[in-house]
Amino acid sequence: MPAKSHGESQTKLYRKWLLMKRACNNPHAKNYKNVGGQGARVDPEWETDYLKFKDYALAHGYKDGLVIDRKDKKKNFEPGNVIFVTRQQRQQNKVVKYSITYRGRTQSIRQWADDIGISRQALHVRIQNASSPQKAIEEAFISHKRKHS
């Protein structure tokens, strides 16, 4: 007797589940290097049972338009570590290879630019031309504050 179908294969959440598994398991996947290539795996129950994953997702805030993310990038896609966020939030949650510490806070260039109120590109140019990234951030805060006072 053939296995029963769950009838979910055309849903957005099902496609996200497949993409999550591919990112962890398929070395040819676009984002494997930063996910599975870094050791991330899918919870064994979720790996084989979409409906268990779906139940978790719906109970933990999933709705169309959100994407899957992990609270702790060092942990797996597993209960308690999977969250559902906007694409913008996921971008902000990415592990940043280049971050800057200024006055005790460490953030990406994008986050600093948002705090200052300038574009990421403008801050990047300032950093390239300054004696240090910290000096560029400090000068950007001063300059932007003057313009908007």
Donor-acceptor pair, distance only, cut-off 3.5 Å: does the side chain of [X] make one with the backbone of [Y]?
| X | Y | value |
| --- | --- | --- |
| Asn76 | Arg41 | yes |
| Arg70 | Lys75 | yes |
| Gln111 | Ser108 | yes |
| Asp49 | Glu45 | no |
| Thr86 | Gln89 | yes |

Val125, Ile109, Asp114 screened by side-chain contact (heavy atoms from CB on, under 4.5 Å) with Arg120, the one that passes =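 The option that passes is Ile109.
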Enumerate the residue pairs fulfilling salt bridge (Lys or Arg N to Asp or Glu O under 4.0 Å) with a member in residues 53-66, sequence neighbours excluded, ordered by first and then second residue.
->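 Counting only pairs at least two positions apart or across chains, the salt bridge (Lys or Arg N to Asp or Glu O under 4.0 Å) contacts touching residues 53-66 are Glu8-Lys54.
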Hydrophobic cluster (4.5 angstrom, side-chain heavy atoms) - remaining members for Phe84 |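 Once heavy-atom contacts under 4.5 Å are chained together, Phe84 belongs with Leu13, Tyr14, Trp17, Leu18, Met20, Val35, Val42, Trp46, Tyr50, Leu51, Phe53, Tyr56, Leu58, Tyr62, Leu66, Ile68, Phe77, Val82.
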Rounded to the nearest 0.5 Å, what separates atom [atom1] in [X] from atom [atom2] in [Y]?
| X | Y | atom1 | atom2 | value |
| --- | --- | --- | --- | --- |
| Ile137 | Ile116 | CD1 | CD1 | 6.0 Å |
| Asn81 | Asp72 | CG | CG | 5.5 Å |
| Gln134 | Trp112 | CD | CH2 | 9.5 Å |
| Glu138 | Ser132 | CD | OG | 8.5 Å |
| Asn129 | Glu139 | CG | CD | 10.5 Å |

Please lay out, stage by stage, how Arg15 and Ser9 fare under the test side-chain contact (heavy atoms from CB on, under 4.5 Å).
-> CA-CA 7 Å; Arg15 288 190 296 270; Ser9 63; over 6 Å; no
Can you tell if the side chain of Pro27 reaches within under 4.5 Å of the side chain of Lys33, non-hydrogen atoms only?
->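 No. Closest side-chain heavy atoms not under 4.5 Å.
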Closest heavy-atom contact between Ala130 and Ala136?
->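 Closest heavy-atom pair between Ala130 and Ala136: CB-CB, 3.6 Å.
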Where Leu123 and Ala113 come nearest, the two heavy atoms and their spacing =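 Residues Leu123 and Ala113, closest heavy atoms: CD2-N, 3.6 Å.
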For atom CD of Gln128, decide whether the heavy atoms of other residues, nucleotides or ligands shown that lie under 6.0 angstrom number more than 12.
->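 Yes.
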Judged by modelled atom types alone, do Glu47 and Asn25 share a side-chain donor-acceptor pair under 3.5 Å?
->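 Glu47 vs Asn25: donor-acceptor pair found between side chains.
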Is the shortest side-chain N to carboxylate O distance from Asp115 to Arg105 below 4.0 Å?
->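 Yes, Asp115 and Arg105 are salt-bridged.
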